[in-house]
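Input: a single structure, listed below in structure tokens.
Proteins get letters first, then strands, A, B, ... in listed order; numbering begins at 1 in each.
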Amino acid sequence: MAREVRCKTVEEPSRVALAKTHAATPSFKNKTASGSHLSNVHLCISSSCFLSGAGQDVGRSCILVSIGGKNIMLDCGMHMGFNDDRRFPDFSYITQQGRLTEFLDCVIISHFHLDHCGALPYMSEMVGYDGPIYMTHPTKAICPILLEDFRKITVDKKGETNFFTSQMIKDCMKKVVPLNLHQTVQVDDELEIKAYYAGHVLGAAMVQIKVGSESVVYTGDYNMTPDRHLGAAWIDKCRPDILISESTYATTIRDSKRCRERDFLKKVHETVERGGKVLIPVFALGRAQELCILLETFWERMNMKAPIYFSTGLTEKANHYYKLFITWTNQKIRKTFVQRNMFEFKHIKAFDRSYADNPGPMVVFATPGMLHAGQSLQIFKKWAGNEKNMIIMPGYCVQGTIGHKILNGQKKLEMENRQTISNGQSEIERCEPGCCCLSLEVKLQVEYMSFSAHADAKGIMQLIRMAEPRNMLLVHGEAKKMEFLKDKIEQEFTINCFMPANGETTTVITNPSVPVDISLNLLKREMALGGPLPDPKKPRTMHGTLIMKDNSLRLVSPEQALKELGLNEHQLRFTCRVQLQDPHSDPDTLSRIYTHLKSVLKGYTIQHLPDGTVMVESIVIKVSSSAEEPNTKVLLLSWSYQDEDLGSFLSTLLKKGLPSGLSSM
Amino acid sequence: MFDLCHCQQRVYNKEQDNSVRLKIASLIGLLSKTQNFNPESILDDTLNTFNTEKSHQVLAQLLDTLLVIGTQLPESLIVRHRLIEVAYKHLSDTYFGVRNKCLQLLGCLGNVDTPLNKDGQGLVPAVIGDAQSLISDYFADQDPRVRTAAIKAMLQLHERGLKIQQTIYDQACQLLCDDYEQVRSAAVQMVWVLSQLYPESIVPIPSSNEQVRLVDDSFGKISHMVSDGSWVVRVQAAKTLGNMLQVSPHFLEQTLDKKLMSDLRRKRTAHERAKELYASGEFSSGRKWADDAPKEKVDTSAVNLIASGACGAFVHGLEDEMYEVRIAAVDALSALAQSSASFAEKCLDFLVDMFNDEIEEVRLQSIHVLRQISTNITLREDQLDTVLAVLEDSSRDIREALHELLCFTNVSTKECIQLALLELLKNLTKYPTDRNSVWKCLKFLGCRHPTLVLPLVPELLSTHPYFHTPEPDMDDPAYIAVLVLVFNAAQSCPTMTALFSDHTFRHYTYLRDSLSHLVPPLRLPGRTQAPGVSGIEGSGSVESAQLFLQQSLSRISTIHNLQDPGAQDLLNFTIRDLQRLGELQTELAGAADFSATYLRCQLLLTKALQEKLWTMAVPLCLKHNAMATAAAKQMLEETYKLEFLYSGLENRQVATIHHVRLQAKALQLVLTARTRRGVEPLISVCEKFLQEVESFQRLFVVELPHLQESFVGKLLDLSPKLSACKPGELVKILQTTLRQSGFLNLQLPKQVQRASATIIEPTGESDNPLRFTSGLVVALDIDATLEHVQDPHNTVKVQVLYPDGQSHVIQPKPGDFRSPGPHRHRLITQVYLSHSAWTEACQIEVRLLLAYSSSRLCKAVWSDSSTEGLQPAEGATEGTIPFGKPVKVFIMPKPARR
């Protein structure tokens, strides 16, 4: 009963590639419609040429898994790099026309980053999907805020049409079914899903998808090292058939987070003591909260007085949710929130535009993170001239942004008139022709700190060790890096590791166990036959009849099967003639055979019957001599099917002839 | 008792309901724990029930009962064998609980010594001998609970002294990857035990031809468990690592190793970078983008991602999400670092990093650990910098732990000293209450690094070769701090004094007098040394003081009877001498005070007895009487002080103290008899006194020979007569015995320490009253150090005395006590004050009390005595002794505004 699980990835870096792959791969629709038993993991990701860089690729995650006849979509992300149709996954892979509902059993969103959930309203409302969408409670709460923010920027600021509306986001969220950690949710009779903690961002989850005994674990993005506000990802030894893991940092092993934290705090502390101002450009969610907690506790510990501000708007809203979902944070915050919720900041206040000109030291968190527009840029312009001040870039900056420039040590900046697309998660700026320039001298100190919430190579290996999957599938990373990790995984765990190139289908053959009902009578009979205790580690053979009826499998005793099926019992007997050279008379030969068998087969009942036969258990042996050659005796052996083993043994034994030293009785 | 059990057995046999039988079985177990009950008598009945019992749950409970019976009869070999036999029989039960209990039984009662086995008088079937291999069969049981029980049983056998065979090592290692956390946790212990038993045996490494020592192999395996999925196992593994001291240094150092890479290129850790920068004499700019850019290419085949073996175990453990794991890892680091100097050097960076942990407990622990290993290490400048940054922590515990650490730290350069001084002064301005702690810290810093301080002296004292600089303010704590550093360094660096300016010498003499514990005696050139500054306090001074003490006491012992002429004068002089000695010689303060107090008691008694009142008629002696009563009362108080305020007393001294107390009580009795009319009240008092004499006799049977000539000795000689006589006669006997009894000599124990307390906060110097609305409460912070107080959690209380005579006694929480050193405790607590409105600010008194209760010593004796009697405090013998100086606090409750 070997089954297959197939994985398929579809690459679509450009229109051309899209067409090519499209033609090359058979339609997903056909496969599912034909009701084949194949399980598919269907993967659509794309790494962007526009935003290539060390581990900061903003791609769209959208994976289709087909397992045990169920089709599940994992994440429904969007691509930030494109402004046309390419920003959403191409759902025509699943169906050319009509709605997706009949082809998908459920959709699961791992966390609220837009590259994992950005295309959700598009898929559910514009393409059409009415089935359940699963996500954790925090994701469900924060996701619509980000989507709305993203929509506003795209539609209101850039004036795009043919985009999802606010109402669509609301409608889409109505289809969401919230998940709790470690709660097993039955999607239907066979399909069940279970969420595990993933770290990364608030509410991020790994999901186990299970149909029968086959299972797949999808990690989404996860983090194996705990930080100041979130814990580490954890999974039990669920031994899935496939573990689909992200591999953003496939070739990196990071330094201890303590050094990073210490460095960060030291730099901030020194600058503030000097009376300087510190600017920390951040994105609204995720790292901002970690850094806030870090500074808040440091201020508390060190009894510092300088004010800390964070920019209002999205961050404020997000903090509200962090406050609410305490159970999703780390041990320290969970344990102390009774006395005081760590997200109710004592030292951190909302920022007002006018504060930037206040004298004295201060620390400001401002969006966006790459310093290309908005508040962070405004503040930067004001503070750049003073060498007492400092700017700390907590993340990677895309080429062309001011963040990138100053990190590369540029001391004079040409400020241009830019138009910016921005959203909560990531901001991409584009240069408009014909801008006016002004120059700015950068005197303030520029620091770089890397706070990343993805698992590094060691973390990925640790997760594999925890879950013990039978097969491994790496996604969400660069091919070259994944190659290295793949080798390591195969070498270390001796499991198959796949890293499907985009557009490739991976098929994994699984070995599912088939549950069979066994009749109690049969079981008791077998138990009585021997063996002290049932030992689950050792398989045992038993005789019985397998009945497949009405979609169920039952193992019953042969008699019962005959009775149930209304069949008569047929006896099957084998007969065999063995020629033997023996000079004695027929009865003498028979008795010689009897003595011979008696000496060889100890512990069997052997009878010499008066009607000229020898019975060994139920095997009958008769002797007759041919008319032509009296010395050639013909032995007739006959045994029933059940005694096949003994019968064939006897026939080979007798074929060898009788030993000469035997005396007749 | 026996009947009860049999009754139960009968009920048990009749009972149909499983749960009732189960309860009965557990009851039998509980009952057989009763003292003086021989459980052997019910053993047969209990064993018989096994034959008929069908329910698995009840069987399990019965086995548990057997376990109790078995542990009650550890000597009986026969019982043990019978029990073990039962356990063997039920080991193959299908219910996990039964197997569990059987294994537990085997673990607790299984044969430990093989030789006994052979000559076990044929009682032992051959199978029973090898409990070990049998238990190890259950390592592979299908039920995780049974697997755990099997490992625990094996560990139990080990604890009882059985040598576990090495053959189960492989099995134990396999159990490390079990699916269940409790199995893994127990397996970690098992592997550890084996590694301690066979550290040097050689085991092969699978998939290679190499071999390693077993202790190294198991160290690697346990290190692996530090990144286990379950935090319980992680804690267990991290703790265990700290106990594996025999591991090779090569393996040990790997636990701190985590090869970094970025994009397949090798990266240096921040620690390595810091070290290199330090070595090259340049400071991290940290400003350049890609300052930490990866350098050389990594050989992909050589990178071992999931470190097989010990790689990076501590790096993971210290970064763990659960603080329990982090604390365990820090502790383990400390244990390992103390045994290996090179490892201590390496783990320094990691420990310093832990100073930034989010949980205060972890920070504190890592500071303590660093202090423990600081003898092995020298801090680099950049490390010191990180350490000093913690001085600004708002938690007093952290700061003081850090001061303690700095006291023991070695630093490498003069810049380090300067840095440390600067940060400590900053600390002083930010948290002025740390004054004492900072000064003490600088004292040690100066002592340890005289040569490093020397070049800094002109700068520190801001002297100038040509110009006279203004004289610094002597009251400035920062200036005192600097002076403490310099003077302590100058102690072992004679050239330093040449750099001092005139006022420095003046300040030296002032500080030497006012802060003598911080400023050492210096040999100053061209100055006549004041007597007492040095010289006298040589090394021999303690011995000479000791000798003096002994001499004074032996002089006293020449007194045979206190009625002797001149005895009083001698006592008076000796008491004065002893008091002075205690002040001069702090080491002997306890002993001297103790003796002086004892002698004062004797003196009081003598004086009271010499009063004329004894010869006077009763009505005339009222005035004198008052004085004698007061003396008796004071004697009683002093005896409680003697008994509970001093630690290190032996039974002999306690007996002496109790003897004085009896004398005081006898005196009181006699006085009551003389003043009161009527016999009725006297009878009960006499009875009580006789009871006390009796209990004294019982308590100090051993000491009685020493007390022959004393009051009690004489009293006991008369004892048969005493109990029969009338109160009037008793009083007469007491009166004469008191007068005639000899003086009891005091034998000093080796070490007597007097409990003392100093309230550091509030200082009592503040003129600003603490204002609060009357009827509401205000919290007063109290900070005190306690020395030589035993069990302060129960005994130390805070008393608040209001001007109107009201007093409150507050019991601090156990968490308010910290123990910074041996015999030293620190009480940091808050007391709540409240009062009705006052018209003006007034002072309240805050003091510490030492609560005592003699029931601690002789519960059985005193518990039956009623609380009615001569003194209300006496019966319960609970009371408090004020110790330490009280502190006055200005408070002002304002009337509430309506």
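Looking at B:Glu360 and A:Arg301, their side chains never come closer than 4.5 Å, going by heavy atoms from C-beta outward.
Here the closest heavy-atom approach between residue B:Ser394 and residue A:Glu300 is recorded as OG-O, 3.2 Å. Listed here is the closest heavy atom pair of B:Asn356 and A:Arg228: O-NH2, 2.8 Å.
With a 4.5 Å cut-off on non-hydrogen atoms, B:Asp228 touches chain A through its backbone but not through its side chain. Interface remark: A:Leu265 contributes side-chain atoms only to the contact with chain B (heavy atom separation under 4.5 Å). Within the 4.5 angstrom heavy-atom criterion, only side-chain atoms of B:Tyr431, from C-beta onward, approach chain A. Looking at A:Glu468, there are no atoms closer than 4.5 Å to chain B (heavy atoms on both sides), in backbone or side chain. Interface remark: A:Met302 contributes backbone and side-chain atoms alike to the contact with chain B (heavy atom separation under 4.5 Å).
Not a single donor-acceptor pair under 3.5 Å links the side chain of A:Thr297 to the backbone N or O of B:Glu358. Remark: side-chain polar atoms of B:Glu321 are paired, donor with acceptor, to backbone N or O of A:Ala232 under 3.5 angstrom.
No more than 12 heavy atoms of other residues, nucleotides or ligands lie within 6.0 Å of OH in B:Tyr180, so this atom counts as exposed by the packing criterion.
Summarising the geometry, atom CG belonging to A:Asn303 is positioned 5.5 Å from atom NZ belonging to B:Lys430; distances are rounded to the nearest 0.5 Å. Separation of atoms NZ (A:Lys458) and OG (B:Ser227) is listed at 8.5 Å; rounding is to 0.5 Å. To the nearest 0.5 Å, the span separating CE on B:Met322 from NZ on A:Lys332 amounts to 14.0 Å.
The residues A:Glu273 and B:Lys426 are annotated as salt-bridged, a charged nitrogen and a carboxylate oxygen being separated by less than 4.0 angstrom. Looking at B:Asp349 and A:Arg262, no side-chain N of the basic residue comes within less than 4.0 Å of a carboxylate O on the acidic one, giving no salt bridge.
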Begin from the C-alpha positions of A:Gln331 and B:Glu324 and carry the test side chain to side chain donor-acceptor pair (under 3.5 Å) through to its verdict. CA-CA 10 Å; A:Gln331 187 199 21; B:Glu324 292 91 341; 3.0 Å; yes

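Ranked by heavy-atom pairs under 4.5 Å with chain B, the first of A:Arg239, A:Glu261, A:Lys266 is A:Arg239.
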